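Let me begin by presenting the structure, written as structure tokens, before commenting on it.
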Amino acid sequence: MSTSSQPQFRYTQTPSKVLHLRNLPWECAEEELVELCKPFGKIVNTKCNVGANRNQAFVEFADLNQAISMVSYYASSSEPAQIRGKTVYIQYSNRHEIVNNKSPADTPGNVLLVTIEGVEPNEVTIETIHLVFSAFGFVHKIATFEKAAGFQALIQFTDAETASSARNALDGRSIPRYLLPDHVTSCYLRISYSAHTDLNIKFQSHRSRDYTNPYLPVNPTAMEGLMQPVVGPDGKKQEPQSNVLLASIENMQYAVTVDVLHTVFSAFGTVQKIAIFEKNGGTQALIQYPDVTTAAVAKESLEGHCIYDGGYCKLHLSYSRHTDLIVKAYSDKSRDYTISAPSFATQIPGMPAAPNVWHNLQGVPAHHGTDYSASSAIQAQPPAGQIPAWDPNFQARPPYESAPGQTYQASSVPSYVNPATPPGSSPSSQVGASSMSMQQQPWANVRQGGAPEPGQPPHGQ
DNA sequence: AGCACA
């Protein structure tokens, strides 16, 4: 009973001016479909990225004969229909028109609507957006704003061709990680077309730019945005250094006290002041060193590492804009060691000493479900090659595949890892050392060199 | 490699 109800074969299907195409390359662009089909007639509609794999499409010709000519051409051709080298299978659709649900978002224009997922608006500067999208052509204007969909940007190119090349290359991809604050783990771009053709930018500000009119007035209330980290000529983020570090503490399962922070950060030099505060529902701390060099060493060494074994209380460090903290000399959230007895540096009240707490990350399963698979997709297609290699070592670490969270971390943590290198000695010679050794060497080894005994976290509870 | 507003 079932055999007679099986789907029909191609040659028994009734012709339709709508063709069904399958086995397309992933997210095949409409332009590619049109390129393939237009020799046979006028295309009046398309529907792309159909099916679970988004590798099917429909093309509707103006006339039935045009569809027939295409099907019969490839039925007898020795060369199969191909897009990007993949054989495309063509047959008549079982419908006779494409229901047109095309939104303006799918209609190419010179202005892109970009939704930047997974970041706070202040974490992606307009310079970063400009840098990424300039790889495809001259960016005329950028306007950023916050909507329910998240942080969004309108990006105006010269023409729809340039815009679509940017869209095709970047949609679903992530902004390179080194252009983002260290604690941002993923940041995906969702790109559609805007119905705008010309953005009306009133001011140069941290939210909007008109690159065609550099003399546009700067919005005075938006000036602070211009003071954000700048992108240098090499495309690297250039954070202004500071003797004060801003630490964001991720996955804070255990209390992080001033004393714990003091112990951790004292491994790299004298800690002058510490302040702990809450921001955006997370815990942050400012740690003041006497000089920028010490802060830089601490930052490089500790970035991405966890205070406690098991991925707890993971540190993300950046430079603060502050240079001298004004803090209460002694409170549960702050400490000023410059006016306290120096014995504070080694005496930690309420913190029984135990040497066994500075575990490394080895064998710790990934504690985030984050999937970084898209990062390799990026690697395959950086925007027009303007941006240097994402991470040449990324693919070469099979042991890390079961722990993507750490893979990524390791690849982006150029901390010095040689246990023979005490804190304070030149970190630059160790930058870029294999993250393999980092995985095997507990970061606590960094402490070798006479750091005070660490406090006992509530490990194992 | 086999049909789309869900």
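Quantities reported herein were computed from a predicted structural model and do not represent experimental measurements. Lettering of chains follows the sequences in order, A, B, ..., and the numbering in each one begins at 1.
In this entry the distance linking NZ of A:Lys17 with P of B:dC3 reads 21 Å, nearest Å. Separating the CD atom of A:Glu97 from the C1' atom of B:dC3 is a distance of 15 Å, rounded to the nearest angstrom. One can place CZ of A:Arg22 at 13 Å from P of B:dA4, the figure rounded to the nearest angstrom. In this structure, the CG atom of A:Leu21 is 11 Å from the C1' atom of B:dC3, given to the nearest Å. As rounded to whole Å, 11 Å separates atom P of B:dC3 from atom CG of A:Asn53.
Ion pairing between a basic and an acidic side chain is recognised when a charged N comes within 4.0 Å of a carboxylate O; A:Arg209 and A:Glu127 show such pairing. At a threshold of 4.0 Å, the pair A:Lys299-A:Asp182 counts as salt-bridged, since one of the basic side-chain nitrogens sits closer than that to a carboxylate oxygen. Salt bridge present: A:Lys141 and A:Asp198 bring a charged side-chain N and a carboxylate O closer than 4.0 Å.
Among residue pairs with one or both ends in residues 71-81 of chain A, none qualify as side chain to side chain donor-acceptor pair (under 3.5 Å); sequence neighbours excluded.
Put simply, A:Tyr89 does not rest on the base of B:dG2: the two rings are not both less than 5.5 Å apart at their centres and under 30° in tilt.
Residue-level contact check: A:Asn94 touches the bases, meaning some heavy atom is under 4.0 Å from a base atom.
Checking A:Val18 against A:Asn23, the closest nucleotide of DNA chain B that is more toward the 5' end is the one next to A:Asn23.
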